[in-house]
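What follows is a set of notes on a single structure, which appears directly below.
Quick caveat: nothing in here was measured; it's all calculated off a predicted structure. Counting from 1, the numbers follow the sequence of the chain as shown.
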Amino acid sequence: MQVKINGKMLSWRNLATPADIKLVRRFCKEAGNFTLCEVELAVELVMECLHRGSDSGYHFLFAILPPDTQAGYACYGPVPCTESSWDLYWLVVDKALQGNGFGELILRKVEHQIWQAKGKRIFVDTSGRPAYDSTRHFYEKCGYKIAAQLSDFYEKGDAKFIYCKDLG
């Protein structure tokens, strides 16, 4: 999938590097809606992938604008013990670039890669806190449907929303 942004070709990188530990921490902290625990969990997934490679079950996709501007990233992987279900764990766009369509570009590229890997369904978990209103709206706009809502999941008053999209 080739995409031009302001005359510049967006490129993709699938391999996590040690520099991504710092990058993911910065993206998640600056996003403004993740707790410190969530930020550190995102970093742990990068470290797990660096340590175990494909055995970690975590796949990464980084969007890059020339010459070397990291626009955002996603982390996803197959759901263990399922035939063709995948989880999208993280999708974060650089705070300075949010609202410009990068999130949807990254999501569409992830969907395509999952489809190529014979994935048929993608699940996304997100919080019911008001800070996540725009996140839930984003997934709904991109064709994801609420598959489940678990009241008081994260803490009292904070439900877990599980979204699903069938890739057909």
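Distance check, rounded to the nearest 0.5 Å: CH2 of W12 to CG of L105 gives 5.5 Å. Taken from NZ in K160 to CG in D125, the straight-line distance is 4.0 Å, to the nearest 0.5 Å. Remark: L36 CG to R25 CZ distance equals 9.0 Å, nearest 0.5 Å. For the atom pair CG (D133) and CZ (F138), the distance works out to 15.0 Å, reported to the nearest 0.5 Å. The distance from the SG atom of C164 to the CG atom of L88 is 12.0 Å, given to the nearest 0.5 Å. Annotation: the span from E140 atom CD to T135 atom OG1 amounts to 11.0 Å, rounded to 0.5 Å.
When all heavy atoms are compared, the tightest approach of A42 to V24 is CB-CG1, 3.8 Å. Across all their heavy atoms, L50 and P18 have their closest contact at CD1-CA, 3.8 Å. Summarising the geometry of V110 relative to A74, their closest heavy-atom pair is CG2-CB, 3.6 Å, with the distance given to 0.1 Å. Nearest heavy atom pair, residue L45 against residue C75, reads CD1-SG, 3.9 Å. Heavy-atom minimum distance, G57 versus P78: O-CD, 3.6 Å. Minimum heavy-atom separation, C28 to V92: SG-CG2, 4.0 Å.
Under the side chain to side chain donor-acceptor pair (under 3.5 Å) criterion, E44 pairs with no residue at all, not counting sequence neighbours. Partners of S127 by side chain to side chain donor-acceptor pair (under 3.5 Å), not counting sequence neighbours, listed by chain and number: D158. Checked against ring-ring contact (aromatic ring centres under 6.0 Å, His included), F123 has no partners two or more places apart in sequence or in another chain.
Side-chain N or O atoms of K165 include one that pairs as donor or acceptor with a backbone N or O of C142 at under 3.5 Å. A donor-acceptor pair is defined here as one N or O able to donate and one able to accept, closer than 3.5 Å; such a pair exists between the side chain of D94 and the backbone of A96. A side-chain donor-acceptor contact under 3.5 Å links N14 to the backbone of F60. Using a distance-only test at 3.5 Å, with no hydrogens or angles considered, no donor-acceptor pair links the side chain of R129 to the main chain of A159.
Between E38 and T35, the closest side-chain pair of non-hydrogen atoms falls below 4.5 Å.
Using a 4.0 Å cut-off between charged side-chain N and carboxylate O, D20 and R13 make a salt bridge. Salt bridge annotation for K141-E104: present, with a cationic side-chain nitrogen under 4.0 angstrom from a carboxylate oxygen.
If you chain together hydrophobic residues whose side chains sit under 4.5 Å apart, L61 and M47 never meet in one group. Using a 4.5 Å cut-off between side-chain heavy atoms of Ile, Leu, Val, Met, Phe, Trp and Tyr, with links allowed through other members, L10 and L107 fall into the same hydrophobic cluster. V124 and Y154 fall into different hydrophobic clusters, defined by Ile, Leu, Val, Met, Phe, Trp and Tyr side-chain heavy atoms under 4.5 Å apart, directly or through other members. Transitive grouping of hydrophobic side chains (ILVMFWY, heavy atoms separated by less than 4.5 Å) keeps F27 and L91 in distinct clusters. Cluster annotation: I122 and W115 are assigned to the same hydrophobic cluster (Ile/Leu/Val/Met/Phe/Trp/Tyr, side-chain heavy-atom contacts under 4.5 Å, transitive).
Among pairs with a residue in residues 72-90, those fulfilling side-chain hydrogen bond (donor to acceptor under 3.5 Å, both in side chains) read Y76-Q113, at least two apart in sequence or across chains. The side-chain hydrogen bond (donor to acceptor under 3.5 Å, both in side chains) pairs that include a residue from residues 49-69 are E48-R52, where partners are two or more places apart or lie in different chains.
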Quiz item: So R108 and H112, side chain to side chain contact (heavy atoms under 4.5 Å, CB included) or not? Walk me through it.
Solution: CA-CA 6 Å; R108 298 299 179 217; H112 182 72; over 6 Å; no

Quiz prompt | Working for side chain to side chain contact (heavy atoms under 4.5 Å, CB included), residues I162 and I146 | solution = CA-CA 6 Å; I162 302 171; I146 297 174; over 6 Å; no

Quiz item: Could you walk me through whether F34 and Y132 pass the side chain to side chain contact (heavy atoms under 4.5 Å, CB included) check?
Solution: CA-CA 9 Å; F34 299 120; Y132 285 83; 3.2 Å; yes

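Figure legend: cation-pi geometry between R136 and Y163 absent, as NZ or CZ is not positioned both under 6.0 Å from the six-membered ring centre and within 45° of its axis.
By the neighbour-count criterion of 12 heavy atoms within 6.0 Å, atom NZ of K120 is sparsely surrounded, having that number or fewer from other residues, nucleotides or ligands.
By the 4.5 Å side-chain criterion applied to Ile, Leu, Val, Met, Phe, Trp and Tyr, I64 is assigned to no cluster and stands alone.
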